[in-house]
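Structure record follows, encoded as structure tokens.
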Amino acid sequence: METRAGVVVLRGHRELYERTWHLFDKAREVTFAASDVRTWASHNQPPTQGKIRKLYRPGVLLDPTSAQHARHVAAAGVQVRITTSDLNETIIVDRRVAILAGSDRTFTVVWIPGVVQGALTLFNTVWSQSTDLAEYERVYGELWVVAPRILELLASGASDIGAARAMGISLRTYRRRVDELMATLGASSRFQAGARARELGLL
């Protein structure tokens with residue numbers, strides 16, 4: 001643990017849980033932003049009261065366990081949305097404390113008002129442009145069915161024509177699905193999509 005005025009750096013989920021869980025006991029408003037549910041593994045059980053918002057990247061829906069968690073908390077009354085925008089993995093508690101995820105599972109706890117407000121403003125901007133989980137799954141539900149096969153074909157180096165033929169769909173449909181999958185993974189190229197899929201354990 002490292003401490004500075006208004007800032008504490010915590011290392012690992014155990015220390016994060018032990019040092020911050022008390023903040024959630026009587027919280028009136030909590031916001032979560034994460035690329036996947038593992039970022040906040042120690043805080044996956046939401047508090048039982050207050051307004052809770054969870055914002056995820058679409059990649060969480062490619063992993064069955066993560067997707068189940070997102071649907072479970074949504075069914076429990078948590079507002080869950082999906083965004084294709086880049087986001088800072090953050091928790092903000094009662095607009096007064098922000099927890100920022102860093103590399104190697106380090107977490108920075110900040111209670112400097114200006115920093116917390118800045119993080120909340122960024123979150124609200126992305127939130128306003130995001131899509132409710134149920135609506136996102138309604139629109140893109142078919143993608144989750146074919147995504148594993150598309151990832152296999154991309155990894156094999158198959159041509160678009162060959163991949164489309166293997167899947168029994170048109171070339172145009174295949175390419176649209178690839179584009180949707182890249183957006184879901186936050187990738188700007190097919191190579192990057194494959195790398196991101198490996199990071200998520202999808203390949």
Side-chain angles (χ1 to χ4, degrees), residues 13 31-46 52-76 78-91 101 103-105 123 125-203:
H13 283 284
T31 62
F32 295 76
S35 295
D36 65 77
V37 301
R38 289 170 291 188
T39 300
W40 307 114
S42 58
H43 290 76
N44 272 344
Q45 295 302 318
I52 307 163
R53 295 183 293 170
K54 289 198 171 191
L55 183 62
Y56 291 119
R57 293 274 304 170
V60 301
L61 300 175
L62 292 173
D63 175 67
T65 301
S66 298
Q68 183 179 17
H69 169 77
R71 296 180 192 119
H72 171 73
V73 295
V78 174
Q79 297 179 53
V80 180
R81 289 190 178 186
I82 303 296
T83 180
T84 57
S85 300
D86 290 333
L87 51 79
N88 296 310
E89 297 192 290
T90 308
I91 296 177
S103 59
D104 301 323
R105 288 299 180 248
F123 177 91
T125 298
V126 178
W127 179 266
S128 68
Q129 300 168 352
S130 61
T131 305
D132 180 77
L133 173 63
E135 175 64 13
Y136 193 91
E137 290 201 284
R138 185 187 69 78
V139 174
Y140 294 102
E142 187 179 339
L143 176 62
W144 316 128
V145 177
V146 299
R149 180 59 175 149
I150 291 174
L151 287 169
E152 289 177 5
L153 290 165
L154 289 175
S156 73
S159 67
D160 284 3
I161 294 175
R165 186 179 298 120
M167 293 185 66
I169 59 178
S170 71
L171 177 61
R172 182 178 179 181
T173 298
Y174 174 76
R175 286 176 171 167
R176 187 178 76 248
R177 292 302 187 201
V178 171
D179 288 343
E180 290 172 347
L181 184 56
M182 287 172 57
T184 291
L185 293 169
S188 58
S189 68
R190 295 185 177 192
F191 177 81
Q192 189 178 28
R196 180 60 179 149
R198 280 188 286 274
E199 289 175 9
L200 295 171
L202 302 173
L203 285 176

CD1/I91 to CZ/F123 distance, rounded to the nearest 0.5 angstrom? 10.5 Å

Rounded to the nearest 0.5 Å, what's the gap from CZ on R175 to CD1 on I150? Could you check? 13.0 Å

Closest non-hydrogen atom pair, [X] against [Y]:
X	Y	value
A193	M182	CB-CG, 4.1 Å
S35	L87	N-CD1, 4.0 Å
A70	V73	O-CG2, 3.3 Å

Does a side-chain heavy-atom distance below 4.5 Å link L61 with Y136? yes

Which residues share a side chain to side chain contact (heavy atoms under 4.5 Å, CB included) with [X], sequence neighbours left out:
X	value
Q68	none
S66	V37, V60, D63
A34	T39, W40, Y56, E89
R81	L55, W127, S130

Listed partners of [X] passing salt bridge (charged side-chain N to carboxylate O under 4.0 Å, His left out), at least two apart:
X	answer
R138	E135
R165	none
R190	D160

Could you go step by step and tell me if T65 and H69 meet the side-chain contact (heavy atoms from CB on, under 4.5 Å) rule? CA-CA 6 Å; T65 301; H69 169 77; 6.0 Å; no

Start with the C-alpha distance between R149 and R177, add both sets of side-chain angles, then the distance that settles side-chain contact (heavy atoms from CB on, under 4.5 Å), and finish with yes or no. CA-CA 11 Å; R149 180 59 175 149; R177 292 302 187 201; over 6 Å; no

Under the side-chain contact (heavy atoms from CB on, under 4.5 Å) criterion, do L133 and R71 qualify, and how do the steps go? CA-CA 8 Å; L133 173 63; R71 296 180 192 119; 4.3 Å; yes

Under the rule for side-chain hydrogen bond (donor to acceptor under 3.5 Å, both in side chains), what residues qualify as partners of S170, not counting sequence neighbours? T173

Can you name the side-chain hydrogen bond (donor to acceptor under 3.5 Å, both in side chains) partners of S188, sequence neighbours left out? Q192

When you look at F32 and I52, which way does the side-chain contact (heavy atoms from CB on, under 4.5 Å) test go after all the steps? CA-CA 8 Å; F32 295 76; I52 307 163; 4.0 Å; yes

